[in-house]
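Predicted model only: the values in this text are computed from it and were never measured. Numbered from 1 within each chain, the chains take letters A, B, ... in sequence-line order.
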Number of protein chains: 2
Amino acid sequence: MIDPGQKIWSNGAIARATGQHTMGVGFVASGKPRVVDMKALKVACQTCSLYELCLPLGLENKDLDELDRIVKRQRPLQRGNYLFHVGDPFKSVYAIRTGSVKTYTCNDEGDEQVTGFHLPGELVGLDAITSGRHPCAARALETTSLCEIPFSRLEELSSHIPGLQRQLLRLMSREILEEQNMMVWLGKKTAEQRLALLLLRIARNQHERHFSPYEFNLSMSRTDIGNYLGLAVETISRLFSRFQQDGILTVERKHVVIQDMDRLRQIAHPDDCPLDTGKVLC
Amino acid sequence: MIDPGQKIWSNGAIARATGQHTMGVGFVASGKPRVVDMKALKVACQTCSLYELCLPLGLENKDLDELDRIVKRQRPLQRGNYLFHVGDPFKSVYAIRTGSVKTYTCNDEGDEQVTGFHLPGELVGLDAITSGRHPCAARALETTSLCEIPFSRLEELSSHIPGLQRQLLRLMSREILEEQNMMVWLGKKTAEQRLALLLLRIARNQHERHFSPYEFNLSMSRTDIGNYLGLAVETISRLFSRFQQDGILTVERKHVVIQDMDRLRQIAHPDDCPLDTGKVLC
DNA sequence: CGCTCGGTTGAGCGGGATCAAGCCTTGTGG
DNA sequence: CCACAAGGCTTGATCCCGCTCAACCGAGCG
């Protein structure tokens, strides 16, 4: 069940939001390319499509301007580039505009430990406030454009913009809640359920950004997924094969099309996980 | 390796902080009871022994007074009493002064899902900010005294006390970080490691509160522990037996004495989990 | 071209779940 | 005080999901 009107590749989104003078090309289901003029879309909190997901939610125009003025927007990061390393002093939080980021630590033997995947509209770096240093590294999984928000200025600003303070706390609270969910999943969900949940999370984010929840590209490798979900790579691979066999989805390398969202939801929440109250998990 | 000077039962701590006109009785290693006059210790942020763990950290006296004025302190909750239920509107966060709290959800079949154990100095309820309703229930695991902090007033206050805002953000950040750790543990730690980590967390909290990290009473049942760690009750039971056989600890019902902290640490962090940077895990 | 890396598939093993039985503690009511 | 019930805890036997090891495939790249 693919909604043709929303079938836009994430590349299109990236090009659209970077503000570069290129032409963004999105494909609609008919196969006819749709051309978007980049110059018309200046990047600013005021015009950002992530408005409802990100810090500006609920702010008035005047306050929005103030926030916008402290946000730094560099050129997009290429795949593999770092936002920060383990132990870096904590200066800024980063809002993801397009693309995706993984955060991870390494133990002494050098093997990675993925602690999170971060999608557009999410803030990265909040876990560093406590100690003043980043407890994990963050790097782009694909071409990723970010808004860097210097934390000291954000703190300052949010103390005289009540709406901003509230939204910052709300976003941190959201992260706590999501991580609680994740904990529960990892604790007692089967391999099937874990993968289904990750896919649903991605689908939900797509939906929130007004893209099709049914079709997307995985920006992360099978290895990363396994690492994140606490499963072996082989298990991930087998699961994708099984899901495909069962007609739940089609997958070809990175490209996923969800054919039966209901079944996927059913796998993820066999008896309706009540932790998701107040949130439609796609 | 028990430090005799710190061998105080948590009951003693409860009595000491509730501010009731009772006499707190702590046992020192010699067996001679030590009597503490309750009336001398008025409960206020200024004199609270959790100062460094809780919201007041870093505040000046004037600001501390302001904070103290919005804090409500009712009589301690008895074991099993609720702080709030699932779906309750979010009004306040609660700081735990003594005792402990578990948070959990129930699915339709009514079986519990423990999402966290909360120890003195921790804030409970932060996960409700996002939606304005509590996504989980919280109930006392033992006699527990709390400070209720109305959130709207806390928000208001922290916007004109920069130090308070910072500490609130710091505590939320800490919770995010701890939950990230937990996620990783649940994802790929063995049953042994998970239990060892929980015990170390309790020991660390004891230590931070200037009690002995080597000896404490578990306030939660084996069932709760298993539920929380994503393990069967039987596994928890077997692990305690094994740890005892191996001389790592002695356990008799709720009472735990850690005999070999190093070995416990070694079990928990086989190759030094770098996520714990900036924090001495006991 | 050959190398590496990411992904898939198969065979066998083991940690922890499940089922089952029994013990001990706690609480309740006579 | 004891009798009884209920729930928490322990221990044993068996089973199964997901890990590990191993081989192979295909894509991307120097």
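- The distance between atom CD of Glu192(B) and atom P of dA17(C), rounded to the nearest whole Å, is 13 Å.
- Here Arg253(B) lies in heavy-atom contact (under 4.0 Å) with sugar-phosphate atoms only.
- At distances below 3.5 Å, at least one donor-acceptor pair connects side-chain atoms of Arg222(A) with backbone N or O atoms of Arg253(A).
- In this entry the distance linking CG of Leu239(A) with P of dT8(C) reads 11 Å, nearest Å.
- Inspection of the Asn227(B) and Glu112(B) side chains reveals no N or O donor paired with an N or O acceptor under 3.5 Å.
- Under the 3.5 Å distance criterion, with hydrogens and angles disregarded, a donor-acceptor pair is assigned to the side chains of Arg209(A) and Asn205(A).
- Comparing dG7(C), dG16(C), dG18(D) by their nearest atom to the side chain of Thr190(B) picks out dG16(C).
- For the pair Arg79(A) CZ and dC29(D) P, the interatomic distance rounds to 10 Å; values are reported in whole Å.
- Counting to the nearest Å, the P atom of dG8(D) and the CE atom of Met220(B) are 15 Å from each other.
- Whole-Å rounding puts the Ile236(A) CD1 to dT9(C) P distance at 14 Å.
- Between Ile202(B) and Leu218(B), the closest side-chain pair of non-hydrogen atoms falls below 4.5 Å.
- No more than 12 heavy-atom neighbours from other residues, nucleotides or ligands sit within 6.0 angstrom of CD on Glu252(A).
- Between Phe240(B) and Glu234(A), the residue anchored closer to the 5' end of DNA chain D is Phe240(B), taking for each the nucleotide with the nearest heavy atom.
- Near DNA chain C, meaning a heavy atom under 4.0 Å away, there are no residues from residues 241-248 of chain B.
- No side-chain heavy atom of Thr250(A) sits less than 4.5 Å from a side-chain heavy atom of His255(A).
- Across the protein-nucleic acid pair, Glu252(A) atom CD and dG7(C) atom C1' stand 13 Å apart, rounded to whole Å.
- Checked against dG12(D), dG16(C), dC19(D), the side chain of Thr235(A) finds its nearest nucleotide in dC19(D).
- The stretch residues 222-233 of chain B comes close to DNA chain C through Gly230(B), Leu231(B), Ala232(B), each having a heavy atom under 4.0 Å from the strand.
- The aromatic rings of Tyr104(A) and Tyr82(A) sit tilted relative to each other, their planes meeting at an angle between 30° and 60°.
- Within the 4.5 Å cutoff, no side-chain heavy atoms of Lys102(A) are placed close to those of Tyr228(A).
- Contact annotation: side chain of Arg238(A) to base of dG7(C), donor-acceptor pair absent below 3.5 Å.
- Between the C1' atom of dC19(D) and the CZ atom of Arg194(A) lies a distance of 12 Å, rounded to the nearest Å.
- The closest side-chain heavy-atom distance from Phe243(A) to Val251(A) is not below 4.5 Å.
- Remark: the backbone N or O of Asp246(A) is paired with a side-chain donor or acceptor of Arg263(A) at under 3.5 angstrom.
- Atom-to-atom, CD1 of Ile267(B) to P of dG15(C) comes out at 15 Å; the value is rounded to the nearest Å.
- Proximity of Lys254(A) to the phosphate of dG7(C): a side-chain N or O atom is located under 4.0 Å from OP1 or OP2.
- Counting non-hydrogen atoms under 4.0 angstrom, Lys188(A) reaches nothing in the nucleic acid.
- Note on Ser237(B): a base of the nucleic acid sits closer than 4.0 angstrom, heavy atoms only.
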